[in-house]
Amino acid sequence: MSQQDDDEREFDIRWADGAEHKEPSARARMLAARWRENPPEPQPFRADPEPVAPRRSSWVSTVIVLGSVAAIILLLGYSNFRAPY
């Protein structure tokens with residue numbers, strides 16, 4: 001085929017959708033071959049979530065953060081107070 005023939009052809013999605021046969025992807029072929037020998041067990045649509053540890057309330061987190069900031073400020077202030085100039 002020459003370059004001119006390629007330029008005259010138009011390949012678009014309508015042309016691809018109109019194809020008589022579409023080959024499955026490599027992954028689809030691999031899964032089909034695997035499942036022929038060992039089919040997967042049925043699974044529920046959504047599995048039940050595993051129990052989660054209870055979350056801390058927001059005020060506890062706020063107290064922890066503010067307490068940490070206050071401790072750092074006091075520590076830095078104390079170290080500056082003790083340091084000779």
Side-chain angles (χ1 to χ4, degrees):
M1 297 183 93
S2 68
Q3 180 68 21
Q4 187 178 13
D5 292 338
D6 288 342
D7 291 339
E8 292 174 4
R9 290 194 180 147
E10 181 178 337
F11 299 104
D12 60 3
I13 192 69
R14 290 173 294 180
W15 176 81
D17 287 340
E20 293 181 22
H21 176 72
K22 293 184 181 179
E23 184 177 331
S25 67
R27 179 166 174 76
R29 291 191 309 265
M30 184 253 327
L31 288 175
R34 182 185 302 171
W35 290 346
R36 248 182 259 122
E37 298 170 3
N38 186 14
E41 296 179 7
Q43 297 289 325
F45 177 68
R46 267 185 209 268
D48 293 332
E50 295 187 18
V52 180
R55 295 186 59 161
R56 285 193 303 240
S57 64
S58 62
W59 69 270
V60 173
S61 298
T62 303
V63 168
I64 290 173
V65 169
L66 292 178
S68 300
V69 169
I72 291 171
I73 290 173
L74 288 174
L75 182 65
L76 290 174
Y78 180 73
S79 67
N80 284 337
F81 179 73
R82 302 267 303 164
Y85 283 96

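Quick note: numbers below take in every heavy atom, side chains included, and nothing from hydrogens, waters or symmetry partners. Treat the numbers as computed from the prediction; the structure is a model and nothing was measured. Along the sequence shown, residues carry numbers from 1.
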Point to revise | Joint hydrophobic cluster, I72 plus L75, side-chain heavy atoms closer than 4.5 Å | key: no
Review point. Can you list the residues that meet the side-chain contact (heavy atoms from CB on, under 4.5 Å) rule with A28, with sequence neighbours excluded?
Key: P24, S25
Check your understanding: Between atom CD1 of I73 and atom OG of S68, what is the distance when rounded to the nearest 0.5 Å?
Key -> 11.0 Å
Exercise for review: Just jot down the salt bridge (charged side-chain N to carboxylate O under 4.0 Å, His left out) partners of E23, sequence neighbours excluded, or say none.
Suggested key: R29
